Amino acid sequence: MQRPISKEEAEELKKHLDLSSPENEAAEYENKNGINMGTNSNLNISNIDPNAYNSFLQEEFKELLLKFPNCGIKSIDEIHNLENSAEVLSLWSKGVPLYRAYAAVNFEGILEKSALAVKQAVMNSLNSKKHLKRTKEGSYETSFVPPEVYREYKEFFPNWSESKIKADYRKRI
């Protein structure tokens, strides 16, 4: 959970994110060099190769899924369904790789999920009964008791029948 920010912090953040703000270095650079990156930009978006753009999007998305398979989105179109999608997209638009933008915005949630996963794995291993299973599944089906073992059974348990000795021997092998 993110901590709430004060009004002063919010104003300071707005100054740094507002490209028209004189405090912003990017705005100063644009003003000095006569560059306008606002809505009336001189950039021609039609020059962008759609195949290269789609390939870039798919590569970024593939990297996000590789690093965070449980991020909750199945396609690049669902990125707006994220809880903090505005923050993720804002960082991504500033040149931060998508997976790092996701990690930066959702850091605490990622830590919580990993802690829960580790806790669950430990609980599963503690509650598991695999260590109690036989290693030789077919060995209990035999009715043969070696003669020396049979003699020992008769020494220690003289009243046991042959079938009871065989059954007990099958349990122990």
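In this chain, numbering begins with 1 at the start of the sequence shown. On a predicted model such as this, the values are computed, not experimentally measured, just so you know.
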Problem - Residues which pass side-chain hydrogen bond (donor to acceptor under 3.5 Å, both in side chains) with E162, listed by chain and number, not counting sequence neighbours - result: K166
Problem - Cluster link F156 to I165, ILVMFWY, side chain under 4.5 Å - result: yes
Exercise for the section: For the residue pair L89 and L82, establish whether any side-chain heavy-atom pair is separated by less than 4.5 Å. Expected result: no
Practice task
Output all residues satisfying side-chain hydrogen bond (donor to acceptor under 3.5 Å, both in side chains) with S75, sequence neighbours left out; order by chain, then residue number.
Solution key: none
Practice task
Sorted by first residue and then second, give each ring-ring contact (aromatic ring centres under 6.0 Å, His included) pair with at least one member in residues 69-96; sequence neighbours left out.
Solution key: none
Problem - Interatomic spacing from CD in E60 to OG in S55 - rounded to 0.5 Å - result: 10.0 Å
Handout entry: Side chains of Q120 and N124, donor plus acceptor under 3.5 Å
Key = yes
With a cut-off of 3.5 Å and sequence neighbours excluded, list every side-chain donor-acceptor pair involving residues 144-155.
unit_1 : atom_1 : unit_2 : atom_2 : d
Y153   : OH     : D168   : OD2    : 2.6
K154   : NZ     : W160   : O      : 2.8

Problem - Straight-line distance of F56 CZ to L98 CG, nearest 0.5 Å - result: 8.5 Å
Tell me which donor-acceptor pairs under 3.5 Å the side chains of residues 62-74 have, and how far apart each pair is, sequence neighbours excluded?
none

Practice task
Flag the pair I110 / Y102 as yes when at least one side-chain heavy-atom distance between them is below 4.5 Å, and no otherwise.
Solution key: yes
Handout entry: Heavy-atom donor-acceptor pair, E87 side chain to V105 backbone, under 3.5 Å
Key = no
Problem - For S161, side-chain hydrogen bond (donor to acceptor under 3.5 Å, both in side chains) partners two or more places apart - result: S163
Exercise for the section: Give, for atom CD of Q58 and atom OH of Y53, the distance between the pair rounded to the nearest 0.5 Å. Expected result: 10.5 Å
Exercise for the section: Report yes if some heavy atom in the side chain of L57 is under 4.5 Å from a heavy atom in the side chain of I79; otherwise report no. Expected result: no
Handout entry: Heavy atoms of other groups near E59 CD, more than 12 under 6.0 Å
Key = no
